[in-house]
Each structure stands twice: as C-alpha cells, then as structure tokens.
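First up is the structure itself, then whatever we jot down about it.
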Amino acid sequence: MAMALHDTERKMHMWEAILWGAIAGSASLIGAAVLMLVPVKKRIIGFIMALGTGALIGSTSYELLEEAYEISGGLQEEAIGFLGGAVIFTILDIVISRSGGKNRKSSRLHETHNKEEKGSGLAIFAGTVMDAIPESAMIGLSLASGGGASTALIVSIFISNFPEGLSSTSGMQSSGYSRKRIIIMWIAVMVISALSALIGAALLQDTSASTRAILNSFAGGAIIAMVASTMAPEAYEEGGPAVGIVTAVGMFIAFSLAHV
C-alpha cells in the first residue's frame, strides 16, 4: 500500500513538472505572439527583461541555493554544483555565441553582418534552448524536493521568458524569418522546457541529500551565468540606467513569493 502511494506521488510530481515546465516555457511563445500582433517599444522590452533578471537572481538565491544549503548543511556541495553550473554554461555560451547565437535575446539581429545572419538561425535556437534548460529544470528540482511547485520559480522564469520571446522575435522578423518558422521555434522551446522540468524532477527521485544539493546548485550557477551574460546586458542596452530599479523590483518580487 505504501509503495503504491509512493509510486502515485512520483507520477503526480512528474506530470506536475511537465505542466509547470510547459507553462513557464510558453511565455516565450506568448511574447512572440504579442509582438506579431502589437508593436512593443524596445525600452519596454528592456524593462521586462530587467524585471525577469531580478526575479531569476532572487529565486535562485532564495529558493535553490538556500534549499541546497539546508539539504547539505554545508557549502562544499553548493560550491561544486554552483561553480560547475556556471563554468559549463559559460563554455557552451562561448561556443554558441561564436556560431552566431550571441544576439539570441536581442531585437537588433538585423544589425549584424549578413554572413552571421545566414548561419545564426540554428545557433539562436540552440542558445535559446540552452537558456531554457536550467530554468525549467529548476521547477522539476523544486518538485522533487518534496514540496509543491515553487510559485517564485515559476513566476520568475515566466517573467524572464516573456521578453525573450519579444526581443528575439523582433530581431528574427527583421532578419527575414517567417512567422511560421518563429512560432514553430517557440513551440519547440516550450516542449523542451516541459521535458527539462520532467528530467529535473526525475533526477532527484530517490537520490542522496548531497546529490540533490549539487543538482540544485548546478542549476542555480547556470542561471546566474546566463543572466549575467545575456539578460542583464541586453536589458541595460534596451532600457538604459532605469533598469537598475526594475531589476531590484524583480528580485524583491521573487523574495516576497519565496516567503509567502
């Protein structure tokens, strides 16, 4: 009886991870659809991206790292996971950026050289997927840790994905991408986000406290590296100095949701 209940609970966590991962990933698709219907000023895109930047920093700090510390009771696992996630993401980001994906969150892809534009489509998609994987995995990790889905994580990821759909779609339209191609790309990102959340939940099922702490921290390190290298610079470039206060607001929102 106890085994059956345990299996049922695990299946519920898996389906819940898929659901919330898809919802968080759908923000990019919604952002793309909004831009196709209503013109959005670059400054507004920058402000929304700054809000997402602060929210992701806050949710990483108050959810993943704090939980990892409580699980492990020390900093060794956190250091291994957090720094490892940051290093691996940075390496992959360098590879993808050199392949033409460095402007994946930018609304000014049309300002790049023609040679880069021709080969940038796949790199932009790969970079977007790379950004989405650790974000969505965070949702699965929070579910597998025993509680329900973290509101702070889901809201933070949704807020950060929405302006990505706006900015990248604006740039791709300027570079000649068809609406159909753009929509298909964002649907694929939503599906991958759902699968990433599922994998995140599956990885932590029946694992040791030390492993859970490392995986939590690993996702956090990748998120912070992504925010620092892609979201924060683009938010400032689009929104100007005012994004500082918007980022602070985003971080406070994540803090508030984490303590509700």
Side-chain angles (χ1 to χ4, degrees), residues 23-61 89-90 93 96-97 101-112 120 123-136 138-139 152-175 182 185-186 189-190 193 220 222-257:
I23 289 174
S26 69
S28 297
L29 178 61
I30 294 172
V34 168
L35 188 75
M36 291 177 184
L37 297 173
V38 182
V40 182
K41 293 182 178 180
K42 293 179 180 180
R43 189 174 180 83
I44 299 300
I45 296 176
F47 285 161
I48 300 174
M49 192 168 291
L51 192 70
T53 296
L56 280 180
I57 293 173
S59 60
T60 298
S61 302
F89 180 91
T90 301
D93 192 33
I96 288 175
S97 294
K102 65 180 179 180
N103 293 313
R104 59 185 179 274
K105 293 185 186 294
S106 175
S107 58
R108 291 176 298 281
L109 290 176
H110 60 287
E111 295 176 4
T112 58
S120 65
I124 293 167
F125 176 74
T128 302
V129 169
M130 185 181 72
D131 296 341
I133 287 176
E135 292 177 347
S136 302
M138 288 166 62
I139 297 174
L153 286 178
I154 294 170
V155 171
S156 299
I157 295 169
F158 191 94
I159 292 174
S160 69
N161 284 340
F162 182 74
E164 179 171 12
L166 289 171
S167 60
S168 295
T169 298
S170 175
M172 285 186 287
Q173 283 184 325
S174 299
S175 298
I182 294 170
M185 185 191 84
W186 291 124
V189 170
M190 182 177 68
S193 296
I223 289 294
I224 295 301
M226 183 271 290
V227 165
S229 63
T230 61
M231 291 185 66
E234 183 62 26
Y236 184 85
E237 189 168 352
E238 298 281 18
V243 300
I245 185 64
V246 180
T247 303
V249 170
M251 187 169 182
F252 186 77
I253 289 174
F255 174 81
S256 301
L257 292 174

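Nothing fancy with the numbering, it's 1 onward along the sequence.
Atom CG of L29 sits about 10.0 Å away from atom CE of M185, to the nearest 0.5 Å. I223 contributes atom CD1, which lies 9.0 Å from atom CE of M231 (distance to the nearest 0.5 angstrom). Here the straight-line distance linking atom CZ of F162 with atom CD1 of I30 works out to 7.5 Å at 0.5 Å rounding. Annotation: the span from M49 atom CE to K42 atom NZ amounts to 12.5 Å, rounded to 0.5 Å. Here OG of S160 is found 11.5 Å from CD1 of I48. Values are rounded to the nearest 0.5 Å. For the atom pair I139 CD1 and I157 CD1, the distance stands at 4.0 Å (nearest 0.5 Å).
Shown here for G165 and W186, the closest heavy-atom pair between the two residues is CA-CZ2, 3.8 Å. Heavy-atom minimum distance, R43 versus A242: NH2-CB, 4.1 Å. Residues G25 and S193 share a closest heavy-atom pair of CA-OG, 3.7 Å. Contact between P233 and V227 at its shortest, heavy atoms only, is CD-O, 4.0 Å. Nearest heavy-atom pair, S156 versus A254, reported as atom, atom and distance to 0.1 Å: OG-CB, 3.9 Å. Across all non-hydrogen atoms, the minimal contact from I182 to A32 is CG2-CB, 4.4 Å.
The closest donor-acceptor contact from the side chain of S28 to the backbone of N161 lies under 3.5 Å.
A 4.5 Å side-chain heavy-atom check between Y236 and P241 finds at least one atom pair inside the cut-off.
For the side-chain contact (heavy atoms from CB on, under 4.5 Å) test with L51, the passing option among L56, V243, V246 is V246; the others fail.
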